[in-house]
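Working notes, structure below.
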Amino acid sequence: MRYVRYGLSIFAVCFQLTALPFYKTALAQTSITVQGRVIVGTTNSDPLPEGFQLELQIVDADSVQTTATFTTIIEPDGSFTFNNVPSVQGNDFYLIYASYSGLRQSSQPFGLNQADNVLFYLYETTDQLDDIV
């Protein structure tokens with residue numbers, strides 16, 4: 001009888017250990033909507049062009065490697081939405097990228113709790129120091 005209990009205990013522990021990766025994967029598959037607004041931070045700058053594209057990356061904090069990439073087009077008012085984005089786990093984070101004024105620019109890293117109101121500032125390049133603040 002003692003061997004049966006011992007065998008069942010080992011089985012239960014092995015089952016829990018093998019089920020753990022599936023549980024973590026199921027948690028990571030929860031999707032969210034990332035939304036916000038692009039703001040051109042340069043004084044007297046031109047409006048963003050129609051069809052301006054943004055890229056959202058999910059970054060693994062341990063390896064600092066991109067694990068997923070999504071794209072979207074901004075609305076005329078500068079707002080944007082990324083739908084069906086996997087929610088980040090642990091210390092992983094999101095970054096938004098755009099090519100503007102000849103430079104690839106990125107947002108500040110942000111987490112799950114900031115994904116519903118992201119402000120992404122873009123700046124033009126200049127060789128005039130008068131307007132730099």
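Note that these values count all heavy atoms, side chains included, but never hydrogens, waters or copies made by symmetry. Numbering starts at 1 and runs along the sequence shown.
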Considering non-hydrogen atoms only, spot the tightest contact between [X] and [Y] and give its length.
X	Y	value
Ile32	Ser87	CG2-CB, 4.0 Å
Ile74	Leu48	CD1-CD1, 3.5 Å
Asn83	Thr81	OD1-CG2, 3.4 Å

Selection [range] - residue pairs positive for salt bridge (Lys or Arg N to Asp or Glu O under 4.0 Å), sequence neighbours left out:
range	answer
residues 81-99	none
residues 56-68	none
residues 78-91	none

Is [Y] reachable from [X] through a run of I, L, V, M, F, W or Y residues, each pair having side-chain heavy atoms under 4.5 Å apart?
X	Y	value
Tyr97	Leu122	no
Phe120	Phe93	no
Leu95	Val118	no

Could you list the residues that satisfy side chain to side chain contact (heavy atoms under 4.5 Å, CB included) with Asp77, not counting sequence neighbours?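 If we apply the side chain to side chain contact (heavy atoms under 4.5 Å, CB included) test to Asp77, skipping adjacent residues, the hits are Arg37, Glu75, Ser79.
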
Taking side chain as C-beta onward, heavy atoms only, is Val85 less than 4.5 Å from Tyr94?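 SC-SC contact between Val85 and Tyr94 confirmed.
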
Using side-chain heavy atoms (C-beta onward) and a distance below 4.5 Å, is Ile58 in contact with Phe70? yes

With a 3.5 Å cut-off and sequence neighbours excluded, list the donor-acceptor pairs that the side chains of residues 100-110 form with protein atoms.
from	atom 1	to	atom 2	distance (Å)
Tyr100	OH	Glu124	OE2	3.1
Ser101	OG	Thr125	N	2.9
Ser101	OG	Thr125	OG1	3.3
Arg104	NH2	Glu55	OE2	2.9
Gln105	OE1	Tyr123	N	3.0
Gln105	NE2	Tyr100	O	3.1
Gln105	NE2	Tyr123	O	2.8
Ser107	OG	Ile96	N	3.0

Are any side-chain N or O atoms of Thr72 and backbone N or O atoms of Leu54, one a donor and one an acceptor, separated by less than 3.5 Å?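 No.
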
side-chain hydrogen bond (donor to acceptor under 3.5 Å, both in side chains) filter on Ser99, not counting sequence neighbours, yields none

Only counting residues at least two apart or in another chain, list the ones meeting ring pair (Phe, Tyr, Trp, His ring centres under 6.0 Å) with Phe82. Phe80

